[in-house]
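Here the structure is laid out as C-alpha cells; the discussion comes afterwards.
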Amino acid sequence: MQIREVENGIILEGIEDFEPAHVFDCGQCFRWIRQEDGSYTGVAMNRVININKEGDSIHIDNTNLEDFENIWYEYFDLARDYGALKKDLAKHDENLKKAVEFGPGIRILKQDGWEMLISFIISSNNRIPMIQRAINNISERYGHKIGTYRGKDYYAFPSPEELSRASIEDLRDCKTGFRDKYIYHTTRAVLDEKIDLKAFVDMDQDTCHKELMKFKGVGAKVADCIALFGMRKYQSFPVDVWVKRVMQEFYGAEDMSLPKMRKFGMDLFGDDAGFAQQYLFYYVRELEIGK
DNA sequence: GGTCAGGGTAGCC
DNA sequence: GGCTACCCTGAC
C-alpha cells in the first residue's frame, strides 16, 4: 500500500481487501451514507470524510496525512491482513468460502464504544433507514457541529454529557421509539456510575458481554454487536434474524434457541467468529437467502 | 386504515 | 435456560 497526499485528502494506492460498499453496508455502521457518485460520506471520530474507490486506490477526501496516520489507519483496521484471514475462513467450509467471495472487501471498523452502545440500542427491532434517521436526529440536536462538507452540515455523535441534556420525551422526538427510556437510563448509568467504556476494550469477551448486558435495552445480540464493533471483541457472534437464517439454512441449526445458536457459532468459528459473522451476514442479507 | 415484520428485549416461568 | 408479550414505526 502506498500513500499519496493530494489536495484536501490522501490516496491509498494498491490497497487490497477494501470495498466501500462492503464495509459500509455490512451492518456495522450507521453514519456512512452512499452519495450519488457512488462514494460514501461519513461521520466518525469527530470528523467528516468521504471515501471513494477509483480502480484499486482509495481516495479519502477532507483529511490529511496526519489524521490518516493517527486516526484512519486504525479506524479502518488497515494493519490487519484480511487476505490471510479470508484464506483461513474459506478453508473452514464451503458456505463461508462463498460468503467471503461475495463480500471480499469487508473490514470491521474500529468504532467508538459509547456511540456503538447507543446506536445498537436504537437498532433493536428497527430498520436501517430508521436507525440512521434516529442517530442523525440525536447528533444534530445534542452533538456539536463538526463542519460543513459539500454544502451540508455535519454533527458529531453526542458525548454522554451532551446526550444527558435530552429527556425521555426529547429522545422520543428523535424517533427512537420505545427505546427512548433505554437510551435515557443508559446515559444516566454511564454518567452516574462513572462507567469508562474505553476500559471495556481491555476486558475478556465474556466479561465485556456480561457488563454490556447490564444496560437497559441491551440483550445478547446488541451486546455482541457493541463488543464486536466498538470493543474489539472479535470472538463475538451476534445472532440476528439474518444470521439465524444462515445458521438454519447452512449449518443445520434448525431447532436451536438463540442463546444456543450464539454459542454454536462461537464454538464453530472460534477466535474469528466475528469476522465469519460479518461475511455471512452480508452474504445472506444481500441475497436475501432463507427469507 | 388494519396488519405485519423489522439487524430483539424484558420478564415471566 | 426457554417462551412470550410487547415496545414503535412505516410499508403494504
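Below, chains carry the letters A, B, ... as their sequence lines are ordered, and counting in each starts from 1. Note: hydrogens, waters and symmetry copies are ignored here, and every other heavy atom, side chains too, is used.
Rounded to an integer number of Å, the gap from CE of A:M116 to P of B:dG7 is 17 Å. Between A:I128 atom CD1 and B:dG6 atom P the separation is 12 Å, expressed in whole Å. Atom pair A:F120:CZ and B:dG7:C1' shows a separation of 8 Å (rounding to whole Å applied). The distance from atom CD1 of A:I135 to atom C1' of B:dG7 is 12 Å, rounded to the nearest whole Å. With rounding to whole Å, A:H185 atom NE2 is found 12 Å from B:dA10 atom P. Atom pair A:R285:CZ and B:dA5:P shows a separation of 18 Å (rounding to whole Å applied). Residue A:K244 contributes atom NZ, which lies 13 Å from atom C1' of B:dG6 at whole-angstrom precision. Between the CZ atom of A:F229 and the P atom of B:dG7 there is a distance of 14 Å, rounded to whole Å.
Using P as the reference atom, B:dG7 and C:dC6 are 23 Å apart when rounded to the nearest Å.
Counted by atom type alone, A:Y82 and A:D77 present one or more donor-acceptor pairs between their side chains at under 3.5 Å. Residues A:N95 and A:Y283 have side chains that never bring a donor and an acceptor to within less than 3.5 angstrom of each other. Checked by atom type, the side-chain pair A:D204/A:T207 shows a donor-acceptor distance below 3.5 Å. Residues A:N62 and A:N50 bring no donor and acceptor atom of their side chains to less than 3.5 Å of each other.
Remark: A:T187 pairs with no residue by the side chain to side chain donor-acceptor pair (under 3.5 Å) rule, at least two apart or across chains. Partners of A:K87 by side chain to side chain donor-acceptor pair (under 3.5 Å), not counting sequence neighbours: none found.
Aromatic ring pairs are classed by plane angle as parallel below 30°, tilted from 30° to 60° and perpendicular above 60°; the pair A:W72 and A:F76 is tilted. Ring geometry, A:Y73 versus A:F68: the interplanar angle exceeds 60°, so the pair is classed perpendicular (tilted spans 30 to 60°).
Within 4.0 Å of A:G217, counting heavy atoms only, lie sugar-phosphate atoms of the nucleic acid but no base atom.
Side-chain rings of A:F229 and A:F30 stay apart, their centers remaining 6.0 Å or farther from each other.
Between A:D267 and A:K263, at least one side-chain nitrogen of the basic residue sits less than 4.0 Å from a carboxylate oxygen of the acidic one, meeting the salt-bridge criterion.
Relative to the six-membered ring of A:F102, A:K98 misses at least one condition, a distance below 6.0 Å or an angle of at most 45° to the axis. A cation-pi contact, defined as under 6.0 Å to the ring centre and within 45° of the axis, links A:R80 to A:Y234.
Here the shortest heavy-atom pairing between A:L96 and A:H92 reads CD2-CB, 4.0 Å.
When each of A:F237, A:F275, A:F264 is paired with A:F269, the ring pair (Phe, Tyr, Trp, His ring centres under 6.0 Å) condition holds for A:F237 and for no other.
Consecutive Watson-Crick or G-U pairing (both distances under 3.5 Å) extending over three or more pairs maps onto DNA chain C as B:2-6 with C:8-12, B:8-13 with C:1-6.
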Within the sub-3.5 Å range, which N or O atoms of nucleotides 11-13 of chain B have a protein N or O partner, and how far apart are they?
none

Each nucleotide of nucleotides 5-12 of chain C classed B (base within 4.0 Å of a protein heavy atom), S (only sugar-phosphate) or -, in 5' to 3' order, makes --BSSB--
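The nucleotide whose nearest atom lies closest to any side-chain atom of A:V222 is, among B:dG8, B:dG6, B:dG7, B:dG8.
A heavy atom lying under 4.0 Å from DNA chain C marks the following residues of residues 257-269 of chain A, by number: A:S257, A:P259, A:K260.
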